Amino acid sequence: MQSIARNRLQFLTISVLLAALLATAFWLRWQYLDTISLYVDEFTTLWAALRTQELGAPIMPSGVLYTRGLLATYVTALVGAVAGLGYTTGRLPSLVFGLATILTIFAVGRRAWNVRVGWLAALGLTLLPEAIIWSARARFYAQLQFFALLTVWAAFWAVQESSDRNRTSLSNSVSRRHLLFTLFFLLALFSQEQTVLLYPPLLAGMVAWRGWRYLLRREVWPAHALILVGMGVRYAIEILGQPGFFETIQAERPYVAPLFDVAAAWPAYAPLLVAPERLPWTLVGLLAVGVALMALARSGWRPAQLAVFDQATIFFALPFGFVLMFILTLVGGQWREARYLFLVQPLWLLLGAAGVVWVIDRLLMPRSNQQASFFSSTEKRRWIATAGASALLVWAWWQPATAVLTRQVEGYDRVLEYVAANRQPGDVVMSPQPPACAFVLGEPCDYYAVQRVYEEFVIRKDGVLVDRWTGAALLNDTQHLIDVIRTAPRVWLVTDAFRLATRYEDDFLRTVIEQFDPAFAERGVTALLAEGWRAPPPYDNTQIFEPPLSFGRLALTSWRATTARPGEPLYVELTWQATAPIDRQLNTSLRIVDADGVIVAQQDGPPTRGIVPTNLFFAAPLPDVKVLTVPAELETGDYRLEIVVYDVESGAVEVGPLEIGALPIQ
């Protein structure tokens, strides 16, 4: 009776701790879900889910099948069918999978190592910033991580000896374990195709534990045959559902390229492993792996003979190490993003937790490493030390965890909602983000407006290039843009500053700056509006600087002006380019100065009228139009133009005033 009461108290204690952990995890993830704008790829998932609700499959208006996160698309569509498809409901599946992964990592840690490993790993996952982010976004990463973790655990469980000595029961047990491994693998595979990276190390682990003949047993090989069939089906869906996409990606931005350039790839992933607050976790994880490998060497390299603690450490290190080395050496340079390590980050957390527990057990109780009663003095000391480690983990990771709640992303949701509310009949809408446009407006936008890095996202339909996801016609020509502005009553261009600065040629960007006005801006995204063609002023005074005139990090390549007359507006177009990286907003002040140095007219403002911020100025020359009012009482004669460049935030002058030329006032 006493042991039953203790077991119940142990269960209650762990349940309360887990409940508190889940409550904290929920709060962190809900804050992100509720306050942070949608990441641009989330709109693609929501648009695909909407198409799935309408057609039964994520078939896009262009005719292609949206294959990314296929299972996640159906899950999102199902939740949307029940609760209505929107920003919050679209993100809910990720929230549920994120919380489920915390419970799963606890259970895996407890079964494969011990309860303290499970607790520390679950605490780490609760506070992991990227887990907070992806558990609150309408994408497939949280679902992928959940099934990937279950896949690795099921593979490990499959190679463990069954306690059942009955031959028939043993055979059935082995078969069930491998089929469970297959089920989780296929669920992960159809969540995201990156799952294929898990199969080689898990297969190698099975061979290392049981020998290659083990894979030929009738209880084992059918499971692996199903996996191979599943990978074939997944590849066929990709090729048939997205004609030409894989080939274009490989040609433009190859997924796999034998670069073997670890030095170039490492910076993309290093913060996940060696950031100051993470480095101790990585080091103790390496310690756990090193200790397990030494035990393996002493066993004659027979992993099945090791203690389960060491077995789990080596087995779970295999897929983590393989995926890490693969993305460091073979992933194409343009795909080096931290999110591609997300599926195996729970393994890193488990290995680190195993290292912490090993250190605690060896340093505090060097001769007592066996599992003790939950209420024994030995186990109490272990838990006190584990509580201390937990406190240190919270102290180190809480600030990074909460920091992500203040990091807004591009506000396409807010800006497109403004366009939807203010659009008039006959308006043309264009954007480099057609899925966002389609989901928020309820229909595809008119044009997919982009000039660079678009080849993989378009397909030819009825002789016209359209974007793959919404069927919006590609607009990638300046003259086409001019024709649309001339013929449409109003034209909206919804884009973020980075894409505006990097995805268009010089003449296209100049046309946008000259013809569009900012109508609404939120979180780095702007709705630009052109209301008919705006003829340029009759510039008749021009000066070109060769070499460009230096204003610190900005250089003036030329300027031109209309005729200056008293009482009339003077239009001056300055052309700037960056000569060095700019990390702040710089404004320009254009002044008309008389012979005595008195400023008689002045206009301050951002270059490009603020459409492109100066921190995104590069070598491309960009216009800066100023309109000065020449005083009516001003005497005719020769004046000079001067410019000051200054920091908007501090008001500090960067350069100037510098004279840029003479200005006759007639």
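As a basis for the values below, the full set of heavy atoms in this structure was taken, side chains included, without hydrogen atoms, waters or symmetry mates. As the structure is a prediction and not an experimental result, all values here were calculated from the model.
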**Q.** Passing candidate, side chain to side chain donor-acceptor pair (under 3.5 Å) with Trp492, options Asp446, Asn422, Asp427
**A.** Asp427
Report the distance from atom [atom1] of [X] to atom [atom2] of [Y], rounding to the nearest 0.5 Å.
| X | Y | atom1 | atom2 | result |
| --- | --- | --- | --- | --- |
| Ile132 | Tyr32 | CD1 | OH | 10.0 Å |
| Ile482 | Thr487 | CD1 | OG1 | 11.5 Å |
| Ile36 | Glu42 | CD1 | CD | 10.5 Å |
| Tyr571 | Thr562 | OH | OG1 | 7.5 Å |
| Tyr454 | Asn476 | OH | CG | 4.0 Å |
| Trp134 | Ser94 | CH2 | OG | 9.0 Å |

Does any N or O in the side chain of [X] come within less than 3.5 Å of the main-chain N or O of [Y], such that one atom is a donor and the other an acceptor?
| X | Y | value |
| --- | --- | --- |
| Arg565 | Ile665 | no |
| Glu337 | Arg339 | no |
| Gln192 | Gly69 | no |
| Glu522 | Val415 | no |
| Thr470 | Pro61 | no |
| Asp467 | Ala472 | yes |
| Arg29 | Ser135 | no |
| Asp496 | Phe498 | yes |
| Gln408 | Thr35 | yes |
| Ser431 | Gln433 | yes |

Heavy-atom check, side chain of [X] versus side chain of [Y], under 4.5 Å:
| X | Y | answer |
| --- | --- | --- |
| Leu441 | Arg423 | yes |
| Phe545 | Thr557 | no |
| Arg534 | Asp517 | yes |
| Leu481 | Tyr447 | no |
| Leu493 | Met430 | yes |
| Gln543 | Ile660 | no |
| Val525 | Asp413 | no |
| Thr495 | Val512 | no |

Smallest separation among heavy atoms of [X] and [Y], with atom names:
| X | Y | answer |
| --- | --- | --- |
| Leu343 | Tyr340 | CD2-O, 3.7 Å |
| Val466 | Ser62 | CG2-CB, 4.1 Å |
| Pro606 | Gln585 | CB-NE2, 3.6 Å |
| Leu634 | Pro566 | O-CG, 3.5 Å |
| Asp604 | Lys626 | C-NZ, 4.1 Å |
| Val64 | Arg468 | CG2-O, 3.2 Å |

Return yes if a side-chain donor-acceptor contact under 3.5 Å exists between [X] and [Y], otherwise no.
| X | Y | answer |
| --- | --- | --- |
| Gln602 | Ser589 | yes |
| Arg139 | Tyr39 | no |
| Thr282 | Trp348 | yes |

Could you tell me whether [X] atom [atom1] has more than 12 heavy atoms of other residues or ligands within 6.0 Å of it?
| X | atom1 | value |
| --- | --- | --- |
| Ile544 | CD1 | no |
| Gln666 | CD | yes |
| Glu635 | CD | no |

Q: Check the pair Ile611 / Thr526 against side-chain contact (heavy atoms from CB on, under 4.5 Å), numbers first and verdict last.
A: CA-CA 8 Å; Ile611 292 175; Thr526 303; over 6 Å; no
**Q.** Stepwise side-chain contact (heavy atoms from CB on, under 4.5 Å) check, Trp576 with Leu556
**A.** CA-CA 5 Å; Trp576 299 99; Leu556 186 67; 3.8 Å; yes
(Q) Can you classify the ring geometry of Phe342 versus Tyr141 as parallel (below 30°), tilted (30 to 60°) or perpendicular (above 60°)? (A) perpendicular
**Q.** Tyr87 and Phe43 aromatic ring geometry - parallel, tilted or perpendicular at 30°/60° bounds
**A.** perpendicular
Quick one: do [X] and [Y] make a salt bridge, cutoff under 4.0 Å?
| X | Y | value |
| --- | --- | --- |
| Arg68 | Glu238 | yes |
| Glu573 | Arg560 | yes |
| Arg137 | Asp41 | no |

Q) Does the side-chain contact (heavy atoms from CB on, under 4.5 Å) test come out yes or no for Val344 and Leu197, once each step is laid out? A) CA-CA 10 Å; Val344 292; Leu197 296 181; over 6 Å; no
Q.
For Leu127 and Leu28: C-alpha separation, side-chain torsions, deciding distance, then whether side-chain contact (heavy atoms from CB on, under 4.5 Å) applies.
A. CA-CA 8 Å; Leu127 300 177; Leu28 290 168; 4.1 Å; yes
Q | Test: Arg278 cationic atom under 6.0 Å from Trp281 six-membered ring centre, within 45° of axis | A | no
**Q.** Ring centres under 6.0 angstrom apart (Trp47, Tyr66)
**A.** no
